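Written out below as structure tokens is the structure these notes cover.
Keep in mind it's a predicted model, so treat the numbers as computed, not measured. Numbers here are sequence positions counted from 1.
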Amino acid sequence: RSSDLEARVKEERERAAHYLDPSTEVPVAQVLERELITAHMQTIVEMENSGVVFMLKNERIDDLSCMFKLLDRVSDGLQVMVGCTSKHLRELGSGLVKDDESEGSAGKNAITYIQSLLDLREQYGRFLSDAFQSSKVFARAIGSDFEHFINLNTKSPEYLSLFVDDKLKKGTKGMTEQEIEAVLDRCMILFRYLQEKDVFERYYKQHLAKRLLFNKSASDAEKNMISRLKTECGCQFTTKLEGMFKDMVLSNSTMDDFRNHLQKTVVCIGQMVSSRIPIWSRILWMGSI
């Protein structure tokens, strides 16, 4: 086990420091690392009941951290560990996204699909920070792996938009405003992995139009989400989305002025007066629904 190897290397270095000339400590350490680590590192990471995959499956953070430190001592040690971690992650992620395609046209529920990916990303984010010391090598590999398998399923952009739609609908139960914002931040991580961002934008526009027209939008979170997309992709990406909000503000203002005018002139036109869904906005956005 990596912890046992760590202990042996430490013991031998202490012996060298106590009994040998100080000039021999570094050469002795190099021999130890070459014979105990470099010569066996592939076996170390691939061991069935104590290797990297076993630790990942059982969330053995401390053991992963110990192995990381051990392999970081030798040339190409981290690359071997990264390769094993990456292979396992790609198998997990590919299984998640391909399961959806195998279930027919309806596939998995979009909410379950995206939540599974978010949970997997959170888990490996925890490995990265707590076990792999936020290593850039591991960070790049994890990002590359997620980008690989999330784009294996062509429905991923649509499902991500549906997931965001579910979180942004007014009256979402069981979640505080802060919790919704946290989930949206995590959604942006998945969004960055999408290669077909224009497909996401098309679906997002459709879902936003329905939320606004039927007054089901949590406006503050909605605007914050658009701000995130604008920061990520630029103004051109969000121009139409921001235009929808401006249309609604103008429409509501016009409706309020009209209602006030009718009240002053004591004109009653029944339910048409109280309607809050602007006809012209329906026509303007018809292509978005």
Side-chain angles (χ1 to χ4, degrees), residues 1-10 12-13 26 29-99 113-153 156 160 185-195 197 232:
R1 296 190 310 171
S2 56
S3 57
D4 295 333
L5 280 175
E6 178 72 23
R8 298 293 81 77
V9 171
K10 183 178 180 181
E12 293 300 327
R13 294 194 68 161
V26 172
Q30 291 175 341
V31 171
L32 285 170
E33 291 169 355
R34 183 174 66 250
E35 296 302 320
L36 294 180
I37 303 174
T38 304
H40 305 286
M41 58 186 177
Q42 196 72 44
T43 302
I44 293 170
V45 301
E46 293 178 353
M47 291 183 70
E48 185 176 351
N49 295 315
S50 61
V52 170
V53 173
F54 174 84
M55 295 177 187
L56 292 170
K57 286 181 177 179
N58 294 278
E59 299 197 27
R60 304 284 285 271
I61 300 291
D62 291 341
D63 289 339
L64 284 168
S65 178
C66 183
M67 182 177 287
F68 175 89
K69 294 173 185 176
L70 188 72
L71 294 177
D72 193 28
R73 295 181 178 204
V74 300
S75 177
D76 296 328
L78 288 187
Q79 290 298 334
V80 173
M81 190 176 182
V82 166
C84 189
T85 302
S86 180
K87 180 182 178 182
H88 178 64
L89 176 55
R90 289 201 178 203
E91 288 175 354
L92 283 177
S94 298
L96 285 176
V97 301
K98 288 180 178 178
D99 280 350
Y113 176 88
I114 295 298
Q115 189 61 58
S116 297
L117 290 174
L118 289 176
D119 291 344
L120 185 62
R121 182 59 182 81
E122 183 177 14
Q123 182 186 41
Y124 273 76
R126 202 161 54 245
F127 290 148
L128 179 62
S129 61
D130 297 347
F132 305 144
Q133 300 181 6
S134 299
S135 162
K136 291 182 179 179
V137 175
F138 275 87
R140 283 195 297 269
I142 291 171
S144 177
D145 295 336
F146 269 87
E147 182 175 352
H148 167 74
F149 58 69
I150 198 172
N151 289 292
L152 292 177
N153 191 330
S156 290
L160 183 58
D185 282 336
R186 293 168 62 199
C187 286
M188 288 304 299
I189 296 176
L190 295 187
F191 173 77
R192 294 185 188 106
Y193 297 139
L194 292 177
Q195 294 173 353
K197 291 181 172 61
E232 192 67 31

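- L71 is listed as a side-chain neighbour of V45, based on a closest heavy-atom distance under 4.5 Å.
- The local environment of CG in D72 is crowded, with over 12 non-hydrogen atoms from other residues, nucleotides or ligands closer than 6.0 Å.
- Looking at every heavy atom in both residues, L128 comes nearest to A139 through CD1-N, 3.7 Å.
- Nearest heavy atoms, S129 versus S134: CA-OG, 3.8 Å.
- Atom-to-atom distance recorded for L92:CG and F149:CZ is 8.0 Å, nearest 0.5 angstrom.
- In summary, the side chains of D119 and Q115 do present a donor paired with an acceptor at a separation below 3.5 Å, with no hydrogens or angles considered.
- Taking both residues in full, the closest heavy atoms of S156 and L194 are given as CB-CD2, 4.0 Å, listed atom of the first, atom of the second, then distance.
- The existence of a salt bridge linking E59 and R126 is confirmed by a sub-4.0 Å separation between a basic side-chain nitrogen and an acidic carboxylate oxygen.
- To the nearest 0.5 Å, the span separating CG on L89 from OG on S94 amounts to 8.5 Å.
- Side-chain contact between V53 and C84 is present, with heavy atoms from C-beta onward closer than 4.5 Å.
- A 4.5 Å side-chain heavy-atom check between V97 and L117 finds at least one atom pair inside the cut-off.
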Check against side-chain contact (heavy atoms from CB on, under 4.5 Å), C187 and L160: CA-CA 8 Å; C187 286; L160 183 58; 4.2 Å; yes
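- In this structure, F54 and R60 have side chains that are in contact, with non-hydrogen atoms separated by less than 4.5 Å.
- Using a 4.5 Å cut-off on side-chain heavy atoms (C-beta onward), D145 and Y124 make no contact.
- Of all heavy-atom pairs between L64 and A131, the closest is CB-CB, 3.7 Å.
- N151 places a side-chain N or O within donor-acceptor distance of the main-chain N or O of Y193, the cut-off being under 3.5 Å.
- Taking CE from M41 and CZ from R73, the interatomic distance works out to 14.5 Å, rounded to the nearest 0.5 Å.
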M55 and V52: CA distance, side-chain angles, deciding distance, side-chain contact (heavy atoms from CB on, under 4.5 Å) verdict: CA-CA 5 Å; M55 295 177 187; V52 170; 5.6 Å; no
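- Annotation: side chain of S144 is in contact with side chain of R90 (closest heavy-atom distance under 4.5 Å).
- Taking both residues in full, the closest heavy atoms of S50 and M67 are given as O-CE, 4.1 Å, listed atom of the first, atom of the second, then distance.
- Rounding to the nearest 0.5 Å gives a distance of 14.0 Å between CD of E46 and NE2 of H40.
- Rounding to the nearest 0.5 Å places CZ of R121 at 10.0 Å from CZ of R186.
- Judged by distance alone, with hydrogens and angles left aside, the side-chain atoms of T85 form a donor-acceptor pair with the main-chain N or O of M81 at under 3.5 Å.
- Residues satisfying the ring pair (Phe, Tyr, Trp, His ring centres under 6.0 Å) criterion with F68, sequence neighbours excluded, are F138.
- Contact of the F146 side chain with the L120 side chain is registered, since non-hydrogen atoms from C-beta on lie closer than 4.5 Å.
- A distance-only check finds no donor-acceptor pair linking the side chain of K98 to the backbone of N153 [under 3.5 Å].
- To the nearest 0.5 Å, the span separating CD on E91 from OG on S86 amounts to 10.0 Å.
- Of all heavy-atom pairs between I150 and E147, the closest is CG2-O, 3.8 Å.
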